[in-house]
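For reference, the structure I am asking about is given below.
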Protein chains: 2
Amino acid sequence: MSKQTANPDRISDAEQAVMEALWTRSPLTAAEVADTVGEDRGWSLATVKTLLSRLVGKNAIAAEPDGRRFLYSPVIARADFVGHESRRLVDRLFGGKAASLFAHLAEAEALSDTDIEEIEVLLRELRK
Amino acid sequence: MSKQTANPDRISDAEQAVMEALWTRSPLTAAEVADTVGEDRGWSLATVKTLLSRLVGKNAIAAEPDGRRFLYSPVIARADFVGHESRRLVDRLFGGKAASLFAHLAEAEALSDTDIEEIEVLLRELRK
DNA sequence: TCGAAACGATTACGAGTGTAAACAGTGGAC
DNA sequence: GTCCACTGTTTACACTCGTAATCGTTTCGA
């Protein structure tokens, strides 16, 4: 009672790769996902099928029957996932303060000139 | 060949809690860490000892002998850890673009007014 | 009609994690 | 001098993750 309780159905790295494929285009069959994802990751079809099953188990994707196979589609939106993970990071590392994350990025020179410009634009938007 | 190869000595959530204690004050004995951390997390001394051992194994902390016990201190700095994890998130979710992370936070209304003000100040600094 | 290909489901297995109990050595109190 | 408390080390165990192989079924081509 603890890892899965504290960690309810977190999407793992490998699983995320599969999600990315489905966020890009869906629905897809297992074979199609494997074609897309397995390519760069060097995964076998079997591996992709396992990941798909696990994602279905986590209710992250839905499997709609289509003849004797399934068509998979995301259930959770990418924006939600991204939001969840971002918040998690901000909470874990910056005491929940998003500005601290920003300060860190600035200090670590992790912000390119382009980044800074874009953020300025966004800020002007926000200030309106 | 893959999880530990792709994931060389990552610091886990539970381990991070121990690190936080040591980043706050160090060196500490195992018992002291347990007093600090075990309290809120409800961990037994045994659990804390295990985590300390694993962290030593990962070269994240150092154990200096002090009589018949050890004094533990961080080897990696919090800023480095935070930097690493932040970059990891930006890479995984925002294609490496920090500005995208910022845009997401803005859009998700994860930025408080205070956050925005602070960021503006930081930006002015950066522009100099 | 018969065998091969294609599918999902089941099983596998080592590494990492969360959480701890059991064990062994030792130094201090009495 | 003996025993207890404390310390690090070893072992444990269930669960997740990465990565598949195998199995059972079904369908399509020959």
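Naming convention: chains lettered A, B, ... in sequence-line order (proteins, then strands); numbering from 1 in each chain.
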Problem - Ionic contact status for A/Arg41 with A/Asp13, cut-off 4.0 Å - result: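 So A/Asp13 does not pair with A/Arg41 through a salt bridge.
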Exercise for the section: Summarise how protein sits on nucleotides 22-30 of chain D as a single string, 5' to 3': B when a protein heavy atom is under 4.0 Å from the base, S for sugar-phosphate-only contact, - for no contact. Expected result: ----BS---
Problem - CG-CG distance between A/Leu22 and A/Leu52, expressed to the nearest 0.5 angstrom - result: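 Going from CG on A/Leu22 over to CG on A/Leu52, the span is 6.5 Å.
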Practice task
Determine which pairs satisfy ring-ring contact (aromatic ring centres under 6.0 Å, His included) with at least one residue from residues 25-78 of chain A, sequence neighbours left out, and list them in order.
Solution key: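 Of all non-adjacent pairs touching residues 25-78 of chain A, none passes ring-ring contact (aromatic ring centres under 6.0 Å, His included).
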Exercise for the section: Indicate, with a heavy-atom threshold strictly under 4.0 Å, whether A/Thr47 touches base, sugar-phosphate, or nothing. Expected result: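 Base contact.
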Handout entry: Residues in contact with DNA chain C, drawn from residues 34-44 of chain B - heavy-atom cutoff 4.0 Å
Key =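 Nucleic-acid contacts, sorted: B/Gly42, B/Trp43, B/Ser44.
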Exercise for the section: Would you mind telling me which of C/dA20, D/dG18, D/dT9 lies closest to the side-chain atoms of B/Ser53? Expected result: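 Among the listed nucleotides, the one closest to the side chain of B/Ser53 is D/dT9.
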Problem - Qualifying side-chain hydrogen bond (donor to acceptor under 3.5 Å, both in side chains) pairs with a residue from residues 49-63 of chain B, counting only residues at least two apart or across chains - result: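 For residues 49-63 of chain B: B/Glu15-B/Lys58.
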Exercise for the section: Classify the side chain of A/Arg54 and the base of D/dT19 as holding, or not holding, a donor-acceptor pair under 3.5 Å. Expected result: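 Under the 3.5 Å cut-off, the side chain and the base do form a donor-acceptor pair.
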Problem - Under 3.5 Å donor-acceptor, A/Asp115 side chain and B/Ala99 backbone - result: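 Yes, the answer is positive, given that a donor and an acceptor are paired below the 3.5 Å cut-off.
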Handout entry: salt bridge (charged side-chain N to carboxylate O under 4.0 Å, His left out) evaluation trace for A/Arg88 with B/Glu85
Key = CA-CA 11 Å; A/Arg88 194 178 126 80; B/Glu85 292 295 303; over 6 Å; no
Using residues 77-84 of chain A as the side-chain source, report each donor-acceptor pair under 3.5 Å to any protein atom, sequence neighbours left out, with the distance given to one decimal.
from: A/Arg78; atom 1: NE; to: A/Glu20; atom 2: OE1; distance (Å): 3.0
from: A/Arg78; atom 1: NH2; to: A/Glu20; atom 2: OE2; distance (Å): 3.1
from: A/Arg78; atom 1: NH2; to: B/Leu93; atom 2: O; distance (Å): 3.2

Exercise for the section: Identify whether any heavy atom of B/Thr50 sits under 4.0 Å from a base atom; if not, whether one sits that close to sugar-phosphate; answer base, sugar-phosphate or nothing. Expected result: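 Base contact.
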Practice task
List in numerical order all residues of residues 15-32 of chain A for which some heavy atom is under 4.0 Å away from an atom belonging to DNA chain D.
Solution key: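 Listed by number, there are none.
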Practice task
Whole angstrom is fine here: how far is it from CG in B/Leu51 over to P in C/dA21?
Solution key: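 So the two atoms are 14 Å apart, to the nearest Å.
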Handout entry: Note: B/Glu118-A/Lys97 ion pair, threshold 4.0 Å (strictly below)
Key =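 Salt bridge: yes.
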Practice task
Could you check if a side-chain atom of A/Ser86 sits within less than 4.5 angstrom of a side-chain atom of B/Leu89, using non-hydrogen atoms only?
Solution key: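 The answer is yes, as the side chains (C-beta and beyond) meet within the 4.5 Å cut-off.
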Problem - Interatomic spacing from CD in B/Glu120 to CG in A/Leu123 - rounded to 0.5 Å - result: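 The distance works out to 5.0 Å.
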Handout entry: CD1-CG distance between A/Ile61 and A/Leu55, expressed to the nearest 0.5 angstrom
Key =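 Spacing of CD1 (A/Ile61) from CG (A/Leu55) equals 4.5 Å.
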Handout entry: Nearest-nucleotide comparison on DNA chain D, the residue closer to the 5′ end among B/Leu45 and A/Ile11
Key =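 Result of the comparison: B/Leu45.
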